[in-house]
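Before any comments, here is the structure.
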Amino acid sequence: MVREEYWEKVRSAKEGQKLSPEDILFLLSTAEREEEEVLFETADRVRKDCVGDEVHLRGIVEFSNFCAQNCLYCGLRRDNHALVRYRMSLAEIVTAAKNARSQGLGTVVLQSGEDPWFTRERIIELIRSIKEDTDVAITLSVGERSYADYLAWKEAGADRYLLKHETASSTLFRALRPGRELGERLQALRWLRELGYEVGSGNMVGLPGQTDEDLARDIQLFIQYEFDMIGIGPFMVHPQTPLARAASGQLNRTLRVLAITRIITRDTNLPATTAAGVLDQNGRRRAMSAGANVVMPDITPPNYRRHYEIYPGKARVTLDRHALTEMISSLGRRISQGAGARIRSRDR
Ligand code: SAH
Ligand code: SF4
């Protein structure tokens, strides 16, 4: 059953009216399948109206799994001694990025743990070498670094930066990322914006101890910071972390956060996350029908990819080009040919 009030709130959100924090929480915390359907269908409609049927692909190269941080949720955390560590050479990373371009991917995301071996200068060299003879857009996702690093990388030609805020609860953030503060992460996100990066952020859904109120706060933060891209993925349990006994996030709850974010933020780029695909065979497909318009194929060479185990099962669900094209066209959508920068609805 769909409550009248639920219809009303979804309708007013779709029409662009501002939702209060209580309204967001109300939409988020439904337990009714039919209400969820209304939410997902509305998000799909808003997606179609605001960003169209094109699906943007971003090739992701996971170039180092060394990490100085100790996030409780992540398999790359420094105290996970069971993990085989690797670092791709600069030449290997450049080759992977150029391959992405020749496969028709307009954007390459260079991601790693927080690895100090990759100094400011080495990353500059990487950006310059990639940009030398390709026009691929470069997204960096290498964690929290200094303002001077972000500045130097922007000047070297980096286009975008992906840094999830993870959770808008400062208490949860502090508990899950020892020694780190939410405020520092938000400061980094403001700097990136000031420096002219297109900024991607996002959260995890279903972290131990996370409430619907916390998730509603995540959505408010997305609105406040006007991110260009927002990655919303379920938390996945990794057995070699302190959260081994916790439960993974649920797909439907993740999709509710995604759908509300689409309805409210309208023209942002929202990926169907890999984690959704690991949680459920149809997870990415369902995300594509609940507001998502981006997919991030993993183009890390397979011998490294299997060791980039942020959570288990990641490497298993890699979609090859054929499977990806099938999935997208079966949804009546098409792969975009450009770099997929955010185009704000008002500039269309
Ligand atoms: N070190 C960088 C980038 C690599 S981690 C950083 O932390 O920003 C990339 C993302 O993986 C993180 O932002 C986090 O949201 C996600 N992640 C880490 N552990 C996860 C888990 N167990 N389940 C789901 N997502 C996870
Ligand atoms: Fe390192 Fe990022 Fe994993 Fe935290 S989430 S341990 S910073 S790779």
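Position 1 is the first residue of the sequence, and the numbers go up from there.
- In this structure, the side chains of E92 and F63 stay at 4.5 Å or more apart for every pair of heavy atoms.
- At least one side-chain heavy atom of R285 sits less than 4.5 Å from a side-chain heavy atom of S330.
- The shortest heavy-atom contact between F118 and R87 is CE1-CG, 3.6 Å.
- Between R11 and E8 there is a salt bridge, since a side-chain N of the basic residue sits under 4.0 Å from a carboxylate O of the acidic one.
- At least one test fails for R193 against the ring of Y225: distance under 6.0 Å to the centre or angle within 45° of the axis.
- How far CG of L90 is from OG1 of T95: 10.5 Å, rounded to the nearest 0.5 Å.
- Using a cut-off of 4.0 Å between Lys/Arg side-chain N and Asp/Glu carboxylate O, R45 and D49 are scored as salt-bridged.
- Residues Y311 and V237 do not share a hydrophobic cluster, clusters being chains of Ile/Leu/Val/Met/Phe/Trp/Tyr side chains in contact below 4.5 Å.
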Would you list the atom pairs, donor with acceptor, under 3.5 Å between side chains in residues 270-284 and any protein atom, with sequence neighbours excluded?
| residue | atom | partner | partner atom | Å |
| --- | --- | --- | --- | --- |
| T273 | OG1 | A276 | N | 3.3 |
| D280 | OD1 | N282 | N | 2.7 |
| R284 | NH2 | V317 | O | 2.6 |

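- Criterion: ILVMFWY side-chain heavy atoms under 4.5 Å apart, direct or through other members. Under it, L221 and W191 are part of a common hydrophobic cluster.
- Taking each heavy atom of I24 and Q220 in turn, the nearest pair found is CD1-CG, 4.0 Å.
- For Q111, the side-chain hydrogen bond (donor to acceptor under 3.5 Å, both in side chains) criterion is met by S141, Y308, not counting sequence neighbours.
- The aromatic ring centroids of Y73 and F235 lie 6.0 Å or more from each other.
- With sequence neighbours excluded, no residue satisfies salt bridge (charged side-chain N to carboxylate O under 4.0 Å, His left out) with K14.
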Notebook entry, point to check: Are F222 and I264 close enough, and set up right, to give a side-chain contact (heavy atoms from CB on, under 4.5 Å), and what steps lead you there?
Noted result: CA-CA 9 Å; F222 297 151; I264 296 180; over 6 Å; no
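- No side-chain donor from either of N293 and R333 sits under 3.5 Å from a side-chain acceptor of the other.
- A salt bridge is defined here as a Lys NZ or Arg NE, NH1 or NH2 lying under 4.0 Å from an Asp or Glu carboxylate O, and E166 with R177 fails to meet this definition.
- Ion pair K154/D159 not flagged as a salt bridge, since none of the NZ, NE, NH1 or NH2 atoms sits closer than 4.0 Å to an Asp/Glu carboxylate oxygen.
- Remark: R185 engages E144 in a salt bridge, criterion side-chain N to carboxylate O under 4.0 Å.
- Salt bridge absent: E125 and R128 never bring a charged side-chain N and a carboxylate O closer than 4.0 Å.
- The two residues R77 and C71 come nearest to each other via the heavy atoms NE-O, 2.9 Å.
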Run the side-chain contact (heavy atoms from CB on, under 4.5 Å) test on R120 and S146 for me, step by step, so that the C-alpha distance in whole Å, both residues' side-chain angles and the decisive distance to 0.1 Å come before the verdict. CA-CA 9 Å; R120 182 186 306 162; S146 67; 4.0 Å; yes
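- Put simply, the residue from D218, D214, T167, T254 that forms a side chain to side chain donor-acceptor pair (under 3.5 Å) with N203 is D218.
- Annotation: the span from L258 atom CG to R256 atom CZ amounts to 12.0 Å, rounded to 0.5 Å.
- Under a hydrophobic clustering in which Ile, Leu, Val, Met, Phe, Trp and Tyr are joined whenever their side-chain heavy atoms come within less than 4.5 Å, directly or via other members, W117 and L83 fall into the same cluster.
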Checklist entry - When you look at V136 and L105, which way does the side-chain contact (heavy atoms from CB on, under 4.5 Å) test go after all the steps? => result CA-CA 8 Å; V136 73; L105 299 168; 6.0 Å; no
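- T134 OG1 to N99 CG: the interatomic distance, rounded to the nearest 0.5 Å, is 11.0 Å.
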For a side-chain contact (heavy atoms from CB on, under 4.5 Å) check, start with the C-alpha distance between E184 and Q187, then their side-chain angles and the critical distance, and finish with the verdict.
CA-CA 5 Å; E184 298 165 334; Q187 174 64 264; 5.5 Å; no
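- A salt bridge links R305 to D298: at least one charged side-chain nitrogen sits closer than 4.0 Å to a carboxylate oxygen.
- To the nearest 0.5 angstrom, T107 atom OG1 is 10.0 Å from M229 atom CE.
- Between D44 and M288, the closest side-chain pair of non-hydrogen atoms is not below 4.5 Å.
- Salt bridge annotation for R253-D212: present, with a cationic side-chain nitrogen under 4.0 angstrom from a carboxylate oxygen.
- No side-chain donor-acceptor contact under 3.5 Å links E32 and Y6.
- Across L19 and S12, no two heavy atoms sit closer than the pair CD2-OG, 4.3 Å.
- In this structure, W153 and Y150 have perpendicular ring planes: the angle between them is above 60°, well past the 30° mark.
- Here the CG-CG distance, from L215 to L28, works out to 5.5 Å after rounding to the nearest 0.5 Å.
- The two residues Q69 and P178 make their nearest non-hydrogen contact at OE1-O, 4.4 Å.
- Between L192 atom CG and L151 atom CG the span is 11.0 Å, to the nearest 0.5 Å.
- Closest heavy-atom contact between V294 and R58: CG1-CD, 3.4 Å.
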